[in-house]
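To start, the structure under review is shown below, and the notes come after it.
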Amino acid sequence: MQIGIVSTGIYLPEEFLTGKEIAEMAGIPTAVVEEKMGIKKKYVPGTNDHTCEMGIIAAKKAIEKAGINPLKIDVVIYIGEEHKEYPLWTAGIKLQEAVGALNAWAFDVALRCGTTVMALKVAKSLMMADSTIQTVLLAGGYRNVDFIDYQNPRTRFMFNLGAGGGAILLKKDHNENVLLETKLLTDGSFSEDVVVVSGGTKNPITKEAIDKRLNMLDVLDPEGMKQRLEQKSMVNFIKVIRESVKKSGYKEEDISYIAMLHMKKSAHDYVLKELGLSQKQSIYLADYGHIGQIDQILSLELALKEGKVKDGDLVVFVSAGIGYAWGAAAIKWGKVN
């Protein structure tokens, strides 16, 4: 049984911040932001760019590209962030209604920036287990940039957080752009390293908490996290790529294109070197920032426009998310016999 990608959709807000503007807000040299952090520009939400709403726009684009009747969609999986229009709200059900997938059922999933890769595995498993599920829509938005305090040096590695929406439409027995195998890893020793301290049951939101900026992202143990991540981060990042490819019946040297999340340029280059890939086999998202779990969809769309992905190519989506989670999914692009 083959599960294939029928289409994708991307939405990017009109508003953005430049590397220079970020540097000025943070009080650091522009060169550090543009060269070390790799942020020339990043998209930020406008007045109407709400989280689920951006996913709805991207989903409508994917549906239009596929030329399918949304009534044929069986399941909608919301892959956007938990930070959305309302707390305690199932965004997938709103998205389902908004795109006209009235015969579907919907739910939300979350694994921080690893959500899209994880959701691909969930969708494929559902489709293989249930004969009535033929078409699945993955869609959502991201605007965790709202939680960035540019005056907090502990969160500098997250200054790239931006905004946007993405969608993927999957279909059973679709012999094009076939979703192969996925590998996921999670490590709970990092689970409380990066949090928004105030706003949950442990520390309810108060005026005092807001005054202290406890409603913004923070790193509770920066040195400890750095030491532990140095031991595990890149090792696990490379591991999930290699294992997803191996599980799919391919070799590392078969990889044609790797759709990576935005991270500092040195880390991006390290991954390519470790896998024996050239700069032409990926796209560094310096002009987009880090749009969380949307990065892989964006990277694929850009690669297709630039001719970097062709029929017969082995494409790998790879992610890393706070928590900490690493994931990779292999895709055989083009027609598969």
Side-chain angles (χ1 to χ4, degrees), residues 10-51 53-54 80-85 112-113 141-166 192-200 203 205-223 225-226 229 233 260-269 283-295 298-299 320-323:
I10 280 290
Y11 169 76
L12 296 171
E14 292 183 4
E15 297 188 21
F16 60 86
L17 287 175
T18 65
K20 183 180 179 181
E21 289 171 323
I22 294 169
E24 288 173 352
M25 288 188 288
I28 56 179
T30 300
V32 172
V33 176
E34 293 186 343
E35 296 169 21
K36 186 175 181 180
M37 297 181 183
I39 314 167
K40 303 288 186 184
K41 180 177 79 173
K42 72 172 186 177
Y43 288 88
V44 295
T47 305
N48 297 314
D49 291 322
H50 301 294
T51 313
E53 190 60 39
M54 290 189 285
E81 261 301 333
E82 291 180 303
H83 171 55
K84 49 190 183 289
E85 284 84 334
R112 298 288 69 78
C113 301
Y142 182 96
R143 52 175 290 170
N144 284 6
V145 60
D146 293 344
F147 293 107
I148 293 300
D149 178 1
Y150 295 99
Q151 299 300 309
N152 184 353
R154 295 186 297 277
T155 60
R156 280 183 183 171
F157 69 99
M158 293 185 282
F159 282 5
N160 61 348
L161 297 191
E192 292 183 291
D193 281 329
V194 182
V195 296
V196 176
V197 173
S198 181
N203 296 287
I205 195 74
T206 63
K207 180 183 181 301
E208 290 73 24
I210 294 172
D211 289 342
K212 293 178 181 178
R213 309 289 280 170
L214 298 179
N215 61 324
M216 308 297 275
L217 276 163
D218 204 355
V219 182
L220 304 187
D221 179 19
E223 276 307 310
M225 180 182 172
K226 182 180 179 182
L229 266 183
S233 185
M260 270 193 272
L261 74 163
H262 182 276
M263 49 190 171
K264 64 182 182 179
K265 188 64 165 65
S266 60
H268 179 94
D269 291 346
I283 292 175
Y284 188 62
L285 302 174
D287 291 321
Y288 300 87
H290 178 33
I291 313 175
Q293 52 269 40
I294 308 304
D295 283 5
L298 173 61
S299 181
I322 296 298

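Put simply, the side chain of Leu285 reaches to within 4.5 Å of the side chain of Leu298, judged on heavy atoms. Side-chain atoms of Leu217 and Asp149, non-hydrogen and from C-beta on, never get closer than 4.5 Å to each other. When side chains are defined from C-beta on, Tyr288 does not count as touching His262, because their heavy atoms never get closer than 4.5 Å.
Taking CD1 of Ile205 as the reference point, atom CD1 of Ile210 lies at 4.5 Å (rounded to 0.5 Å). Interatomic distance, Met37 CE to Met263 CE, rounded to the nearest 0.5 Å: 15.5 Å. Between the CD1 atom of Ile22 and the CD1 atom of Ile39 there is a distance of 4.5 Å, given to the nearest 0.5 Å. Interatomic distance, NZ of Lys42 versus OG1 of Thr18, reported as 11.0 Å (0.5 Å rounding). Distance check, rounded to the nearest 0.5 Å: CD1 of Ile148 to CE of Met158 gives 5.0 Å. Distance check, rounded to the nearest 0.5 Å: CG of Leu261 to CD1 of Ile291 gives 11.5 Å.
A salt bridge between Arg112 and Glu82 is present, with a side-chain N of the basic residue lying under 4.0 Å from a carboxylate O of the acidic one.
In terms of heavy atoms, Gly162 sits closest to Tyr142 at O-CD2, 3.5 Å. Here the shortest heavy-atom pairing between Gly46 and Glu15 reads CA-OE2, 3.7 Å. Taking all atoms of both residues into account, the shortest heavy-atom contact from Met54 to Ala163 is CE-CB, 4.3 Å. Contact record, Ala320 with Cys113: O-CB, 3.4 Å, taken as the closest heavy-atom pair. Of all heavy-atom pairs spanning Val44 and Pro13, the tightest one is O-CB, 3.3 Å.
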What verdict does the side-chain contact (heavy atoms from CB on, under 4.5 Å) test give for Tyr43 and Val145, after you've listed the backbone C-alpha separation in whole Å, the side-chain angles of each residue and the deciding distance to 0.1 Å?
CA-CA 9 Å; Tyr43 288 88; Val145 60; over 6 Å; no
Walk me through whether Leu17 and Tyr150 qualify under side-chain contact (heavy atoms from CB on, under 4.5 Å).
CA-CA 12 Å; Leu17 287 175; Tyr150 295 99; 3.8 Å; yes
Could you walk me through whether Lys265 and Tyr284 satisfy the side-chain contact (heavy atoms from CB on, under 4.5 Å) test, starting with their C-alpha distance in whole Å, then the side-chain angles of each, then the deciding distance to 0.1 Å, before giving a yes or no?
CA-CA 8 Å; Lys265 188 64 165 65; Tyr284 188 62; 3.5 Å; yes
After noting the C-alpha distance and the side-chain angles of Arg156 and Ile28, does the key distance pass the side-chain contact (heavy atoms from CB on, under 4.5 Å) rule?
CA-CA 10 Å; Arg156 280 183 183 171; Ile28 56 179; 3.2 Å; yes
With side-chain hydrogen bond (donor to acceptor under 3.5 Å, both in side chains) as the test, would you mind laying out the steps for Tyr11 and Asp49 before giving the verdict?
CA-CA 10 Å; Tyr11 169 76; Asp49 291 322; 2.5 Å; yes
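The neighbour count for Glu192 CD, taken as heavy atoms of other residues, nucleotides or ligands under 6.0 Å away, does not exceed 12.
Here the side chain of Thr51 pairs no donor or acceptor atom with the backbone of Gly141 at under 3.5 angstrom. Judged by distance alone, with hydrogens and angles left aside, the side-chain atoms of Glu34 form no donor-acceptor pair with the main-chain N or O of Ala23 at under 3.5 Å. At least one donor-acceptor pair closer than 3.5 Å links the side chain of Gln151 to the backbone N or O of Met25.
Here the rule is side chain to side chain contact (heavy atoms under 4.5 Å, CB included) with Asp218, and of Asn152, Val194, Val196 only Asn152 fits it. With respect to His290, the side chain to side chain donor-acceptor pair (under 3.5 Å) criterion is satisfied by exactly one of Asn160, Asp295, Asn144: Asp295.
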